[in-house]
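Below, chain A is the first sequence line, B the second, and so on; all start at residue 1.
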2 protein chains.
Amino acid sequence: MSTTNKPRRVTIDDVARSTGVSRQTVSRAINDKPEIDPATRQRILTVAQEMGYRPSRFARGMVRQSTTTLGLVIADVLNPFFPEVVAGVLEAADARGWQVVIYTTASELSREQKVAETVVDHVDACVAFLLDAAAIARVADSGMPFVLMGNEDRPVELSTVRIDFASGIRQAFDHLVSRGHRRIAMIDDRNRAESGAPDVRSGLFTAAAAEYGLPVEPHWRQLATNSVQGGAAAMERLLETAPEVTAVVSYNDMIAIGAMRHAMARGLAVPGDCAFVGFDGLTLGELVDPPLTTLSIDKRRLGQAAVEQAAAQMAGTGAMADTVVRTELMVRAST
Amino acid sequence: MSTTNKPRRVTIDDVARSTGVSRQTVSRAINDKPEIDPATRQRILTVAQEMGYRPSRFARGMVRQSTTTLGLVIADVLNPFFPEVVAGVLEAADARGWQVVIYTTASELSREQKVAETVVDHVDACVAFLLDAAAIARVADSGMPFVLMGNEDRPVELSTVRIDFASGIRQAFDHLVSRGHRRIAMIDDRNRAESGAPDVRSGLFTAAAAEYGLPVEPHWRQLATNSVQGGAAAMERLLETAPEVTAVVSYNDMIAIGAMRHAMARGLAVPGDCAFVGFDGLTLGELVDPPLTTLSIDKRRLGQAAVEQAAAQMAGTGAMADTVVRTELMVRAST
DNA sequence: TTGAAAGCGCTAACAC
DNA sequence: GTGTTAGCGCTTTCAA
């Protein structure tokens, strides 16, 4: 019976043995310590290289009180909103010498839970876009520094970075109403609406509409999957059920662009027959035709703020913080 | 003299002591092992939570021969090309249960070297967009599984995933020549051109132009920083130095879009006065006006292929591989 | 069901 | 310059 012992990893001891020195000396060579004979160092380095020796990150991490790894949970890298947040996170993390591990959930609740499960034992702190209450609780309960991003409301006892959609929607209404619009529809994000997260944007939309004395019809609200295609599909339905609307406010720019393009493809003039307002302020919005009016937010800042809060928690400084990022209305040709 | 001993971390032993059990038992509770009295487990969990106990990733990683961490090095998350690659990498990594740590270099050589330095002792394998020879060597010499992405040529002894720009450019020429274009300019990426990387795209462009018997003037080549703005700036210069060109091929879609928009802002008709061809096949290209003709590549596949090669190296399977991703010409209204 | 012993691979601190 | 002695915090035997 021949036992195929699986190829154990090459350790510092193996190198030490092969070189005829102590492992401490090997350690010195590997780590470029000064107190070592240059010749010995070179010999060790050569042998180590030949043997394919690579120090164990874990053993190292254990003995030096080292690196912080930050978990970053987003829905989807392909949605241009997130890369901007990621840029802010990477920047702020880099400034602190932190590593960033990235996870995506596609905003699917089951994925969120899996990710939450994974993240808790792979990182030291976490900043996350998460909708599912169980997933949020999982990370929060782990006791690691945790910052929840993007939700409208603020779960108790949680550090958060939020977007002020409510005030944004008022800016949109001010603008649209001044342009003479009265019948305004909303296309909301399906995943978020169905997540059970308390404050969906269309709720805030309805509330604000009431403030402005605007009519609201149930069929003026559509749900869309979070993409250009999703926006187009929602617009298609909206055109059928509510051709009377003269303006559409969307959950975000991607959806708005899809909706707007679909309307144009159907022969509507923008903004003549129907005006469109997006949300996020993606660069993309300036590039499409017509350029998209949008409620812009500082996405980079959002990422940075989250990291700063995580850092504060790590340091034990300050209690749970709550950063609210405001929107800025960028009026362009779609309204 | 009061010694302020810095807050040592809560260990499993602390919890054991506080609970009056051995640390194995705590370990059992924490890890949901079956062989433990449910009551004990609950008690331990509660105390652990109260004490703020969190298992050390390093100690854990050391004892179980666990998780693989993949380093992913890209230039910039804000360039929409990379998110698509990232999506492919995340997908393939996730399928293997790997964690992905992300690094950005902005294609700056000094950043690349710093990142290379960092990456080698923070990850188990690395897939990277890297231009600087020293940075590449640093990672390659570390001995970790390493896949270099995006370069035109293939450094010896390296696993690579490349883009076939040369054949792409021929597709572009076929198309443009058939449309009657003869005076074709190229806007290349400045960082890459200046990186000292051997095979810059404009070189391949010039060679292909010769094949097609097309004239090539030195001032028909411009360098741009990698962004819409960079493309616009380059087009501005091109319009001054070479108003005679009737078509422009760009390093990528972002640059092409910037150039195209600038031309239109200057009053040129597209494609009437000047046609534009991009490279990458970004979604963005379909959304701009006019939609951009482009040499599309499967960016997601690119990321997946890189992870697969890294996995093969980890497994010791197969030698250095070389995947070449081909382009597909998407003809749209800009030509 | 629980505990004791034995490392995992490495580096810091102190000898020699 | 180099070797020795201790752990870092955890899980995996194995014994009770």
Side-chain angles (χ1 to χ4, degrees), chain A residues 5-45 47-48 51-69 120-124 142-144, chain B residues 5-45 47-48 51-69 120-124 142-144:
Chain A
N5 31 18
K6 71 169 175 218
R8 208 180 46 80
R9 78 173 289 151
V10 180
T11 74
I12 197 171
D13 287 290
D14 298 326
V15 178
R17 218 166 298 125
S18 295
T19 328
V21 299
S22 75
R23 62 178 190 217
Q24 189 46 238
T25 302
V26 176
S27 175
R28 286 177 184 119
I30 297 292
N31 295 297
D32 259 336
K33 298 284 181 187
E35 64 275 12
I36 182 177
D37 185 327
T40 326
R41 177 212 302 297
Q42 193 45 60
R43 189 162 49 91
I44 294 172
L45 255 27
V47 173
M51 299 179 71
Y53 168 67
R54 307 210 310 107
S56 150
R57 289 186 293 119
F58 296 119
R60 270 195 170 158
M62 207 162 134
V63 65
R64 357 199 241 223
Q65 208 57 2
S66 52
T67 347
T68 299
T69 298
V120 292
D121 47 49
H122 285 287
V123 303
D124 305 308
S142 78
M144 75 170 68
Chain B
N5 32 15
K6 70 170 175 219
R8 210 179 45 80
R9 77 175 290 148
V10 180
T11 73
I12 195 170
D13 287 288
D14 298 326
V15 178
R17 218 166 297 126
S18 297
T19 327
V21 300
S22 73
R23 62 183 192 208
Q24 285 51 267
T25 303
V26 176
S27 174
R28 286 177 185 115
I30 298 291
N31 296 297
D32 258 336
K33 298 285 181 188
E35 63 276 10
I36 181 177
D37 184 324
T40 326
R41 178 214 301 297
Q42 194 45 60
R43 188 163 49 91
I44 294 173
L45 255 28
V47 173
M51 299 179 71
Y53 169 66
R54 307 211 308 108
S56 151
R57 288 186 294 117
F58 295 118
R60 270 196 168 157
M62 208 162 134
V63 65
R64 10 197 230 218
Q65 211 56 4
S66 51
T67 348
T68 299
T69 299
V120 292
D121 46 51
H122 286 285
V123 303
D124 304 308
S142 78
M144 76 171 66

Would you list the atom pairs, donor with acceptor, under 3.5 Å between side chains in residues 32-39 of chain A and any protein atom, with sequence neighbours excluded?
{"from": "A:Asp32", "atom 1": "OD1", "to": "A:Arg41", "atom 2": "NH1", "distance (Å)": "3.4"}
{"from": "A:Asp37", "atom 1": "OD1", "to": "A:Ala39", "atom 2": "N", "distance (Å)": "2.7"}

Original post:
Atom CG of A:Asp121 and atom C1' of D:dT11: how far apart are they, to the nearest Å?
Top reply: 14 Å
Original post:
Are any of the side-chain heavy atoms of B:Asn31 and B:Arg60 separated by less than 4.5 Å?
Top reply: yes
Subject >> A:Ala16 versus A:Ser22, closest heavy-atom pair with distance >> reply: CB-C, 3.8 Å
Subject >> Short side-chain N/O contact to C:dC10 OP1/OP2 from A:Ser56, under 4.0 Å >> reply: no
**OP:** Quickly work out the A:Asp14 CG to C:dG9 C1' distance and round it to whole Å.
**Re:** 10 Å
Original post:
For DNA chain D, which residues in residues 28-43 of chain A have a heavy atom at a distance below 4.0 Å?
Top reply: A:Arg28, A:Glu35, A:Ile36, A:Asp37, A:Thr40
Original post:
Can you find a side chain N or O atom of B:Ser22 that sits less than 4.0 Å from OP1 or OP2 on C:dG3?
Top reply: yes
What's touching nucleotides 5-7 of chain D from the protein side, N or O pairs under 3.5 Å?
{"from": "D:dA6", "atom 1": "N6", "to": "A:Arg23", "atom 2": "NH2", "distance (Å)": "2.9"}

**OP:** Nearest whole angstrom, please: distance from the P of C:dG9 to the OH of A:Tyr53.
**Re:** 10 Å
**OP:** Give a yes/no on whether any side-chain N or O of A:Arg60 is located under 4.0 angstrom from OP1 or OP2 of C:dT11.
**Re:** yes
**OP:** State whether B:Ser27 places a side-chain N or O below 4.0 Å from either non-bridging phosphate oxygen (OP1 or OP2) of D:dT11.
**Re:** yes
**OP:** Calculate the interatomic distance between A:Asp13 atom CG and C:dC8 atom P; express it in whole Å.
**Re:** 9 Å
